[in-house]
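What follows is a single structure, written as structure tokens, with notes after it.
The structure presented is a predicted model; accordingly, all values stated were derived computationally and were not measured. Every heavy atom of this structure was used, including side-chain atoms; hydrogens, water molecules and symmetry mates were not.
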Amino acid sequence: MQTYLHGRDLIGDLDFSREEVETALEVAFDLKRKRALNEPHALLRDKVLAMMFFFSSTRTRGSFEAGMAQLGGHGAFIESRSTQIAHGDTPKEIGEIFGRYFDGIAIRHVDWKIGNKYIHEVAKHSRVPVLNMQCDIYHPFQILADLMTVIEKKGRDLRQRKMVVSWAYASSYQKPMSVPQSLILQMPRFGLDVVLAHPPEFKLMPEIMDQAREQARKYRTGFDVVDDMDAAFKDADVVYAKSWGAMVHTSDEKEGARIISKYSSWITDERRLKLAKPDAIYMHPLPADRNIEVTDEVIDGPNSVVYDEAENRMHVQKAVMALTMS
Ligand code: CP
């Protein structure tokens with residue numbers, strides 16, 4: 001077990017080694033048990049986390065803020081629009097100054113080709129840990145929660161288990177590709193055979209694909225890419241289907257929206273879920289476009305674990321904050 005995580009950033013999924021992720025999960029399970037028993041666990045008494053949002057959030061804000069309070073500290077909600085960033089505060093200034101006020105800086109910035117660079121620039125100038133609450137490339141805390149949920153439902157030995165990471169139709173907007181990218185990076189390290197399914201225009205970033213293939217080789221797991229949602233679902237143990245944008249294919253938003261409209265049949269419905277194993281779990285980070293990405297019958301049905309998944313955000317985040325900010 002690697003326990004010395006004090007002062008570390010978590011920006012990309014591979015920033016923590018596999019052993020360090022295992023440590024974070026061990027702590028998360030312990031903190032989940034402590035909360036269930038109402039056992040005090042004020043590991044971050046008097047510590048304050050800056051929570052900077054450049055994009056909306058329900059779960060991320062709620063879980064980080066509640067988590068900091070449960071750890072005896074405070075999460076300060078800072079909406080970028082209400083700061084002086086538009087009037088000139090640079091990422092260097094945010095890192096330097098907030099690094100002196102706060103004990104950690106968490107940032108959500110999902111703008112394509114901007115968010116990840118911004119978070120790294122803040123981290124370069126910060127004396128305290130910087131935590132990625134989702135950028136254009138990664139959503140590491142979502143995936144830690146997903147991993148915790150898969151372990152709870154399927155056990156710790158995930159070898160020979162098939163996880164489908166599938167694109168799904170959604171007409172609302174071009175969603176970030178951070179969730180599927182983080183999934184294909186992290187899950188092979190824990191033994192899951194990953195099948196990535198998407199229409200041809202929804203490729204993920206080539207460098208992330210290379211890293212995912214490398215992780216699969218290193219941990220001797222399967223990693224296949226298909227363009228058929230039905231074929232991907234066949235005999236799956238874990239079904240994770242959500243929408244993302246065609247940003248790698250085109251930078252033209254109107255063209256991206258036109259492409260999305262071609263694939264309205266990519267929905268997780270009861271027929272498709274039946275192609276997976278009978279005890280397959282259905283996962284989604286939420287918010288979902290109901291009856292567009294997934295039917296009510298599936299997301300509210302017996303295979304769905306979406307609320308446990310959302311709950312686990314709080315436990316894994318508390319674990320990483322306690323390990324890095326104490
Ligand atoms: N899953 C997730 O990150 O949810 P929010 O966008 O509501 O934070």
Note: Glu270-Lys274 ion pair, threshold 4.0 Å (strictly below): no
Looking at Glu214 and Lys218, is there a salt bridge between them, counting it only when a charged N and a carboxylate O are closer than 4.0 Å? no
Ignoring hydrogens, what is the shortest heavy-atom contact between Trp244 and Pro176? Give both atom names and the distance. CB-O, 3.5 Å
With under 30° as parallel and over 60° as perpendicular, where do the rings of Phe98 and Phe102 fit, or are they tilted in between? perpendicular
State plainly whether the residues Lys162 and Asp224 are in salt-bridge range, i.e. N to O under 4.0 Å. no
Please tell me if the side chains of Arg35 and Met314 come closer than 4.5 Å, counting only heavy atoms from C-beta onward. yes
Can you confirm whether Asn303 sits close enough to Val298 that some side-chain heavy atom of one is under 4.5 Å from a side-chain heavy atom of the other? no
Any side-chain heavy atom of Thr268 sitting closer than 4.5 Å to one from Met229? yes
Side chain proximity check, Met177 to Val248, heavy atoms < 4.5 angstrom: yes
Distance only, no hydrogens: is a donor on one side chain within 3.5 Å (strictly under) of an acceptor on the other, for Ser63 and Gln317? yes
From Met51 CE over to Glu65 CD, what is the distance, rounded to the nearest 0.5 angstrom? 4.0 Å
Value rounded to 0.5 Å, distance of OG1 in Thr23 from CD in Gln2: 6.5 Å
Distance, nearest 0.5 Å, that separates CE of Met133 from CZ of Phe54: 9.5 Å
Please report the shortest heavy-atom distance between Pro180 and Lys242, naming the atom on each side. CD-CD, 4.4 Å
Could you pull out the closest heavy-atom pair between Gln215 and Leu185, with the gap in Å? CG-O, 3.7 Å
Output side-chain donor-acceptor pairs under 3.5 Å for residues 25-34, partner residues at least two apart or in another chain, one line each.
| from | atom 1 | to | atom 2 | distance (Å) |
| --- | --- | --- | --- | --- |
| Glu26 | OE2 | Arg156 | NH1 | 3.4 |
| Asp30 | OD1 | Arg33 | NH2 | 3.1 |
| Asp30 | OD1 | Lys34 | NZ | 3.4 |
| Asp30 | OD2 | Lys34 | NZ | 2.8 |
| Lys32 | NZ | Glu152 | OE1 | 3.4 |
| Lys32 | NZ | Glu152 | OE2 | 2.7 |
| Lys32 | NZ | Asn312 | OD1 | 2.8 |

Met163 and side-chain contact (heavy atoms from CB on, under 4.5 Å): which single residue from Asp193, Leu183, Ile281 fits? Leu183
Would you say the side chain of Phe141 lies within less than 4.5 Å of the side chain of Leu10, judging by non-hydrogen atoms? yes
Quick one: does Ile299's side chain get under 4.5 Å of Leu286's, heavy atoms only? yes
With side chains defined as the heavy atoms from C-beta onward, is the minimum distance between Thr221 and Leu192 less than 4.5 Å? no
Regarding Thr149 and Asp308, do their side chains bring together a donor and an acceptor under 3.5 Å, going by distance alone? no
Please tabulate, for the side chains in residues 112-123, all donor-acceptor contacts under 3.5 angstrom to protein atoms that are two or more places apart in sequence or on a different chain.
| from | atom 1 | to | atom 2 | distance (Å) |
| --- | --- | --- | --- | --- |
| Glu121 | OE2 | His125 | NE2 | 3.3 |

